[in-house]
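Here is how names work: the chains are called A, B, and so on, in the same order as the sequence lines, proteins then strands, and each is numbered from 1. Note that the coordinates shown come from a computational prediction; the quantities given were computed from them, not determined experimentally.
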Amino acid sequence: MRASRFLIATLKQNPSDAVAVSHQLMLRSGMVRQLASGLYTWLPMGLRVFRKVEAIVREEMNNAGSQEVLMPVVQPAELWQESGRWEQYGPELLRITDRHDNSFCLGPTHEEVITDLIRNELKSYKQLPANFYQIQTKFRDEVRPRFGIMRAREFTMKDAYSFHLQQSCLQDTYDAMHGAYCKIFDRIGLNYRPVLADTGSIGGSSSHEFHVLADSGEDDIAFSTDSDYAANVELAEALAPNAERPQPSQEMIEVATPGQHTIEEVSKGLGIKPSQVLKTLIVMGEADEDGKQGLVALVIRGDHELNELKAEKLDGVASPLTFAPDSLIKDTLGCSVGSIGPMGLDIPVLVDRSAAVAADFACGANKDGYHLTGVNWERDLALTSQADLRNVVVGDPSPCGQGQLEIKRGIEVGHIFQLGQKYSEALGATVLDENGKQQVMTMGCYGIGVSRVVAAAIEQNYDDNGIIWPDAIAPFQLALVPINMHKSDAVRAKCESLYAELTEAGFDVLFMDEEKARLGVMLADTELMGIPHRVVIGDRGLEAGTVEYKARRDADKQEIASDDLLNFLKQALK
RNA sequence: CAGAGUGUAGCGCAGUGGUAGCGUGCCUGGUUUGGAACCAGGAGGUCGAUGGUUCGAACCCAUCCACUCUGACCA
């Protein structure tokens with residue numbers, strides 16, 4: 001491609017409202033432009049990257065036996081009412097009405113549409129397993145779009161859905177998809193990890209997320225130092241401590257702690273470590289037959305964080321997890337939030353495993369302005385139910401039994417689920433089995449955020465000068481940069497012949513052929529745009545029979561005999 | 001949705017009551033040319049919108065809109 005015929009829309013200055021690195025660099029390098037909040041136009045440069053990601057995803061999905069389809073973005077309300085999600089989904093589902101006053105939505109995902117298609121098209125067990133995918137625009141009216149392309153409202157996703165009669169068959173496809181995802185992210189050239197994940201609101205049993213590791217990620221991922229174990233922190237189990245609970249050594253006394261409510265204030269006031277203070281959180285209990293909700297107390301160590309996902313899965317705890325309103329706590333327990341403790345509560349008390357081995361601890365006295373110190377389980381109060389309630393922290397033993405946990409940030413770029421029969425059941429997607437009987441199919445679903453992969457690749461690969469694309473998804477593999485082409489016929493002739501030759505050899509070349517463009521500007525632009533390889537042609541080199549080569553990641557340039565260039569590049573770019 | 005902030009030239013910003021400016025980018029000409037040059041000339045703005053106060057509003061007041069940040073939310 002000739003730069004003179006291609007929109008190079010680089011910006012010198014950072015648009016002021018971009019915060020995330022990928023957002024800034026995508027705007028500055030002329031990859032995208034914002035149209036409205038969470039809506040972006042892909043410029044030619046950005047679209048080339050996007051298409052390369054898409055092509056790799058498509059190839060590997062095809063290789064893994066999935067068939068491509070393309071479903072509408074606009075979907076009829078009836079289907080969503082049939083699955084129950086018309087009511088379940090909140091305002092994130094953008095609902096629209098057509099001229100006949102019929103309701104539709106913009107698809108945030110396509111389970112309903114594919115299941116509707118499949119119930120009409122698949123009739124026999126002989127057609128199973130079946131796996132279909134599409135690469136399509138999704139729309140989610142996010143409460144707060146942010147980080148540019150990373151969390152846009154309109155985005156592109158590769159979503160696949162598989163259909164089975166046996167769980168074992170689903171498992172096979174799930175494993176095949178897992179393998180295909182690894183191939184995809186390997187080929188793209190990202191540092192990523194498949195991690196155990198929560199199945200979330202979509203339901204189902206088994207689930208893995210694929211995370212690109214980057215400091216700017218929104219998720220915490222826990223890894224074992226000694227094994228392949230990796231899990232989203234929201235899911236990673238905090239094992240029960242091995243250590244026995246120490247014997248009590250202090251008397252329980254009540255201490256006035258006026259104005260001290262947070263763990264930090266209390267531990268500072270009492271002169272003890274936060275880990276010696278237990279915090280008691282009051283959440284809503286599960287509704288009984290009459291629909292009445294009681295309260296439940298959750299007790300964790302002061303230096304630990306509550307894991308809401310774990311908590312809401314416990315018997316007796318309302319899901320979604322809801323913190324009890326202050327007024328209700330005051331009415332029921334007779335004290336306010338900063339002074340609650342497990343001592344003498346007549347509501348269910350669930351104690352985190354780590355908190356259960358604490359001795360001589362401090363906690364609220366259930367009396368405003370007072371705390372207890374030297375409290376001990378069994379001696380001063382009964383230890384009723386124990387549970388895993390907290391987020392794991394660095395140094396915890398790995399749930400796999402080997403090594404300790406470390407925690408890194410990740411960007412979720414893929415997610416695979418075993419869906420089960422949630423949608424096939426609701427929409428009546430059945431086939432006849434060997435005995436001629438109707439059987440509801442079991443489903444799996446598999447997503448990759450195609451547009452997000454582009455942003456995540458930048459979050460993981462950049463420097464002060466701009467983007468550093470992995471070779472496989474770079475908009476161009478190579479920049480051909482002439483020096484003073486408008487004055488030197490030799491430079492022009494060499495560039496033209498090289499451009500023809502390299503293009504002929506199958507390289508994606510960006511020829512910086514703008515008349516009178518200054519070298520510094522061209523170099524800065526090609527670096528900002530992240531083009532991984534660069535060849536500079538000047539009179540000085542040509543007289544010596546050389547051209548200059550530099551990889552985007554390299555610190556130094558090298559002189560290459562111009563006759564060897566093609567072979568050199570074939571090596572370098574392979 | 002709650003809290004905070006910002007809207008003035010493509011981008012970054014200044015201007016706080018007297019009719020719009022700087023840097024950069026863009027166009028023309030010239031001089032330059034190995035990392036974002038220099039000189040001269042030029043184009044480009046209903047100052048987010050509406051209403052009000054005033055002789056006069058980018059500026060003061062009110063309402064609305066958009067965008068951003070923090071949080072809750074998130075297959």
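- Legend: residues meeting salt bridge (Lys or Arg N to Asp or Glu O under 4.0 Å) with A/Glu496, ordered by chain and number and at least two apart, are A/Arg2.
- For the segment residues 174-181 of chain A, no residue has any heavy atom less than 4.0 angstrom from an atom of RNA chain B.
- Pair assignment for B/rC74 gives none, since no Watson-Crick or G-U wobble pairing has each distance under 3.5 Å.
- The phosphate of B/rA66 has neither OP1 nor OP2 within less than 4.0 Å of any side-chain N or O from A/Ser37.
- Contacts of A/Met522 with the nucleic acid, taken as non-hydrogen atoms under 4.0 Å apart, are absent.
- The salt bridge (Lys or Arg N to Asp or Glu O under 4.0 Å) pairs that include a residue from residues 3-17 of chain A number zero, where partners must be two or more places apart or lie in different chains.
- Spacing of C1' atoms, B/rU46 relative to B/rA58, comes out at 12 Å, to the nearest Å.
- The side chain to side chain donor-acceptor pair (under 3.5 Å) test applied to A/Asn465 returns no partner, not counting sequence neighbours.
- Side-chain N/O atoms of A/Arg534 and base N/O atoms of B/rG35 include a donor-acceptor pair closer than 3.5 Å.
- Residues passing the side chain to side chain donor-acceptor pair (under 3.5 Å) test with A/Asp175 are A/Gln171, sequence neighbours excluded.
- Among the atoms of the strands shown, none is found under 4.0 Å from any heavy atom of A/Glu218.
- Proximity of A/Arg146 to the phosphate of B/rG71: a side-chain N or O atom is located under 4.0 Å from OP1 or OP2.
- Judged as a salt bridge (Lys or Arg N to Asp or Glu O under 4.0 Å), not a single pair has a partner in residues 440-450 of chain A (not counting sequence neighbours).
- Remark: A/Arg144 is in phosphate contact with B/rU70, judged by side-chain N or O atoms under 4.0 Å from OP1 or OP2.
- Taking A/Glu68 as the reference, A/Arg58 meet the salt bridge (Lys or Arg N to Asp or Glu O under 4.0 Å) condition, with sequence neighbours excluded.
- For residues 29-40 of chain A, every residue pair satisfying the side chain to side chain donor-acceptor pair (under 3.5 Å) rule, not counting sequence neighbours, is listed here: A/His23-A/Tyr40.
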N/O to N/O distances under 3.5 Å, protein versus nucleotides 6-13 of chain B:
unit_1 : atom_1 : unit_2  : atom_2 : d
B/rC11 : O2     : A/Gln13 : OE1    : 3.3
B/rG12 : OP1    : A/Ser16 : N      : 2.7
B/rG12 : OP1    : A/Ser16 : OG     : 3.3

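- A salt bridge (Lys or Arg N to Asp or Glu O under 4.0 Å) check over residues 449-465 of chain A, counting only residues at least two apart or in different chains, returns the pairs A/Asp463-A/Arg552.
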**Message:** Before you tell me yes or no, could you show the steps for A/Tyr89 and A/Trp80 under side-chain contact (heavy atoms from CB on, under 4.5 Å), namely the whole-Å CA-CA distance, both residues' side-chain angles and the distance that decides it to 0.1 Å?
**Reply:** CA-CA 9 Å; A/Tyr89 244 91; A/Trp80 285 73; 3.7 Å; yes
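- Within residues 454-469 of chain A, no residue has a heavy atom under 4.0 Å from RNA chain B.
- In this structure, the salt bridge (Lys or Arg N to Asp or Glu O under 4.0 Å) partners of A/Glu218, at least two apart in sequence or on a different chain, are A/Arg151.
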